[in-house]
Protein chains: 2
Amino acid sequence: MNKRKTIIDVAKECGLSQATVARVLNGQQNIQVKDKTRQRVMSAAQKIGYRRNTLAANFRRQQSNTIAISIPDITNPFFPELIKGIQEKMRDEGYSVIQLNNEWNPKIEEDHFQYMVQTCVDGAIISPSHAGTDLSTLEGIPFVLLTNSDLYSEYDTIGNDSKEGMRIALDHLYSLGHRKIALLVGGSMSSDPSWRYDLFSEFYREKGLTNPANFLVTCDYSVTSTLSFLQARRSMETFLSENPPPTAFFASNDILGLAALQVANEKGIKVPEQLSVIGMDGIFSGEVSYPALSTVRKNRSEIGGIAAQILLDKVKKPKDWSTKKVVLPCKLIERGSTGPV
Amino acid sequence: MNKRKTIIDVAKECGLSQATVARVLNGQQNIQVKDKTRQRVMSAAQKIGYRRNTLAANFRRQQSNTIAISIPDITNPFFPELIKGIQEKMRDEGYSVIQLNNEWNPKIEEDHFQYMVQTCVDGAIISPSHAGTDLSTLEGIPFVLLTNSDLYSEYDTIGNDSKEGMRIALDHLYSLGHRKIALLVGGSMSSDPSWRYDLFSEFYREKGLTNPANFLVTCDYSVTSTLSFLQARRSMETFLSENPPPTAFFASNDILGLAALQVANEKGIKVPEQLSVIGMDGIFSGEVSYPALSTVRKNRSEIGGIAAQILLDKVKKPKDWSTKKVVLPCKLIERGSTGPV
DNA sequence: CTTTCCTATGATAACGTTATCAATTTATTA
DNA sequence: TAATAAATTGATAACGTTATCATAGGAAAG
């Protein structure tokens, strides 16, 4: 039973001091040693099979080289790309990433925040689970929020310009000749959805169209994508059976859009000939539906990368106190589900 | 500038020894102190705002309370549920989970293995990126593989019985009256796909059907789901334009199945009236397609949970050396894409 | 040749917890 | 009641690294 080798063993092996060995072998290369001694250390380390004890180093430096991501639910198709974007950036910089799901549950979310301070993460990227997420627990550790809501004006945030995105979608439908555009919108935990109604009314007013009140379809909020989808289906079915049909739907996210699509297909309504549907987000399922779902894409991988970059800046030079706000544009993706009237 | 409090500060505050304080406040509750002293310690800790320094504790005990998950790609719809299953179990047990994507790249995968030993993870759950993944780097740290391939007979593994799953799918189609069943299969990195051909031939022979050679559609392997989908589409298109159509397709995963569905829809082939399609896995996109995709579901959340449990057992009592092999059944999910001939 | 200054290396003290063993108190038994 | 066993608590040594300061060894300047 031979114990694990330490820098002291390496020092003995190569006849140099522990300090010098440490200088050569520690993570960051603050070059302060002769090439020759570096060689000596390296070969000695190699010879006796030295491996750096990260736990000891982390302890001594009091930083874990770990950042945390807090999101509601990784099975929600919106998030995996986001996480991937963060992970890639962080890996390049030598940080580990711990990812925590709170199931849209503020209690669990708070637990996770507690956990973060306990476990000394160097930083955090957080997608708030609901409108009132309390971030005070995180005081002392740098973090970035994945949102564009004005609820968090005092913090660093990054998000897509959803309002502009919705406008783009409506304009797209309008430019295809649609004048009877309906809004399919779901309740939301993470932000107040009322702005969508406002924007919708404003759009109708602006274009001089008639009362949009007949073209509002709402569906209940649900935790999982599957349930959201089913509820959206139900709302669509009742709406279509009770109302004069619009020529187009704007759905506030792709899951709702796919529900609209499926219901329309089932009812024999031809998409896009009789009905156009556009969603929002750009999830994979929208690529494989029939017809493929037009959407206003949020580039989640990009958001993740930028969020990671902002966080890294904060972690590395905590002196910079300016709050950063990044707003990214959405991008129209025209697919088969939208067409001229 | 007041420094962070330590157990020594707590000890001073409550007039007990450092050791006693530690006994009360350290993670695992090996009850060895009187209730009254526990109270004293707790309230003192509360009063001065003590927070346990996890980094120090990890260092001292030489374990990180962290396990790693290594998978090819989190944006692949197969994996998020798997990860969620693992995370939930691990969170309950007080472990952090670090998740690493290798982009199907063996080089990155190997880097991640290196990283795991460097960073002293307590265990790992690994979905091998390709058939020949070399696990020797991980010697010394307990791990579980997410596979059912016989390539890894010497290791602990957990996976679905894909062969039985494929049989279930074929039987389902057969029982609906289908006699011209085609196989849509993609290349695969993580396992040799040839068993599918064998099983397919065997099925045909068993049922006394004619040569299945005309009903083989293959498509190239691709890294991302989107690309896989597009390649499957292409294969489907050329196949349908050159061959007498089968009455049903079995696709080796849902992404391919969705491609078949979309192409059929576009060509005006009615599903399931003229063509049935069944996939495999049970990803979300299959629920929202039109028609919803019948499939043979792999319960990934369950796999994740069990994998986590096996790993925990190994981590906690390393004496148990028996190799564990868990094989879970697949489950037929009948949706709109399959029907009688 | 001496002095000054820089660079490379050495010696050693933390870091905050856990683990070990000794000392003390309390409970049990004869 | 005394003796013994058990349950608590106390004192203190690690753990392996990084960080600080001191020292030696050369180069540059006078």
Side-chain angles (χ1 to χ4, degrees), chain A residues 1-42 44-45 48-66 94 117-120 122 140, chain B residues 1-45 48-66 94 117-120 122:
Chain A
M1 164 102 195
N2 47 353
K3 291 172 63 181
R4 185 164 170 175
K5 304 296 184 185
T6 74
I7 49 171
I8 299 178
D9 299 316
V10 179
K12 274 183 196 146
E13 177 68 29
C14 66
L16 286 162
S17 80
Q18 186 190 149
T20 308
V21 172
R23 266 186 281 263
V24 174
L25 264 43
N26 79 347
Q28 61 268 34
Q29 316 296 70
N30 10 351
I31 310 170
Q32 193 82 294
V33 314
K34 273 187 180 166
D35 268 3
K36 198 178 164 189
T37 47
R38 160 163 284 132
Q39 300 274 319
R40 267 169 74 190
V41 172
M42 293 299 255
I48 68 171
Y50 168 79
R51 284 198 331 227
R52 182 161 181 263
N53 187 325
T54 314
L55 257 32
N58 285 349
F59 162 57
R60 181 56 235 257
R61 305 168 56 190
Q62 279 302 301
Q63 58 153 321
S64 55
N65 258 53
T66 298
V117 305
Q118 274 280 326
T119 196
C120 304
D122 295 345
Chain B
M1 162 102 196
N2 47 354
K3 291 173 64 181
R4 186 165 170 175
K5 304 295 184 187
T6 74
I7 48 171
I8 299 179
D9 298 317
V10 179
K12 274 182 197 147
E13 177 68 28
C14 65
L16 287 162
S17 79
Q18 186 189 149
T20 308
V21 172
R23 267 186 281 263
V24 174
L25 295 167
N26 79 345
Q28 61 268 34
Q29 314 298 68
N30 11 351
I31 311 171
Q32 193 82 295
V33 312
K34 273 188 179 164
D35 268 4
K36 197 177 163 189
T37 47
R38 160 162 285 132
Q39 300 275 317
R40 267 169 76 190
V41 172
M42 293 300 257
S43 63
I48 68 171
Y50 168 78
R51 285 195 332 223
R52 182 160 181 265
N53 186 326
T54 314
L55 257 33
N58 284 351
F59 162 57
R60 181 57 235 258
R61 305 169 55 190
Q62 279 301 302
Q63 59 153 322
S64 55
N65 258 53
T66 299
V117 305
Q118 275 279 326
T119 196
C120 304
D122 295 344

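Just so we're on the same page: letters track the sequence lines, and every chain starts at 1. Quick caveat, the model's predicted, so the values are computed rather than measured.
Within the nucleic acid shown, T54(B) has no heavy atom closer than 4.0 Å to any nucleic acid atom.
Both K34(B) and A56(A) lie close to DNA chain C; mapped to their nearest nucleotides by heavy-atom distance, the more 5′-ward contact belongs to A56(A).
Between the CZ atom of F59(B) and the P atom of dG16(C) there is a distance of 12 Å, rounded to whole Å. For Q62(A) and dT17(C), the CD to C1' distance is 11 Å, given to the nearest whole Å. When rounded to the nearest whole Å, the span between CZ of R38(B) and C1' of dT9(D) equals 14 Å. Residue R52(B) contributes atom CZ, which lies 8 Å from atom P of dT17(C) at whole-angstrom precision. As a whole-Å value, the separation of R4(A) CZ from dC15(D) C1' is 12 Å. Taking atom CD of residue Q39(A) and atom P of nucleotide dA8(C), one finds them 15 Å apart after rounding to whole Å. Regarding D35(B), its CG atom lies at a distance of 15 Å from the P atom of dA7(D), rounded to whole Å. As a whole-Å value, the separation of L55(A) CG from dG16(C) C1' is 14 Å.
For R52(B) (side chain) and T6(B) (main-chain N/O), no donor-acceptor pair under 3.5 Å exists by modelled atom type. The backbone N or O of L55(B) sits nowhere less than 3.5 Å from a side-chain atom of N58(B) that would complete a donor-acceptor pair. A donor-acceptor pair is defined here as one N or O able to donate and one able to accept, closer than 3.5 Å; such a pair exists between the side chain of T66(B) and the backbone of S64(B).
The shortest distance between the side-chain N/O atoms of T37(B) and the OP1/OP2 oxygens of dT8(D) is not below 4.0 Å.
Between M42(A) and R38(A), some side-chain heavy-atom pair lies under the 4.5 Å cut-off. Residues T37(B) and V24(B) are not in side-chain contact: their nearest non-hydrogen atoms beyond the backbone lie 4.5 Å or more apart.
Between the axis at the start and the axis at the end of the helix from dC1(C)-dG30(D) to dA30(C)-dT1(D) there is an angle of 30°, using five pairs per end and rounding to 10 degrees.
The CZ atom of R60(B) sits 12.0 Å away from the CG atom of N26(B) when rounded to the nearest 0.5 Å. We find the CG-CZ distance between N53(A) and R51(A) to be 9.5 Å, quoted to the nearest 0.5 Å. A distance of 8.0 Å separates CG in L25(A) from CD1 in I7(A), rounded to the nearest 0.5 Å. Atom CG of D9(B) sits about 9.0 Å away from atom CD of E13(B), to the nearest 0.5 Å.
Considering only the side chain of A57(A), dT17(D) comes nearest among dT17(D), dT9(D), dC15(C). With dT9(C), dC15(D), dT17(C) as the candidates, the nucleotide lying closest to the side chain of I7(B) is dT17(C).
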Any N/O pairs under 3.5 Å between the protein and nucleotides 10-13 of chain D? List them or say none.
residue: dG10(D); atom: OP2; partner: S17(B); partner atom: N; Å: 2.8
residue: dG10(D); atom: OP2; partner: S17(B); partner atom: OG; Å: 3.0
residue: dG10(D); atom: OP2; partner: T20(B); partner atom: OG1; Å: 2.6
residue: dG10(D); atom: N7; partner: R23(B); partner atom: NH2; Å: 2.9

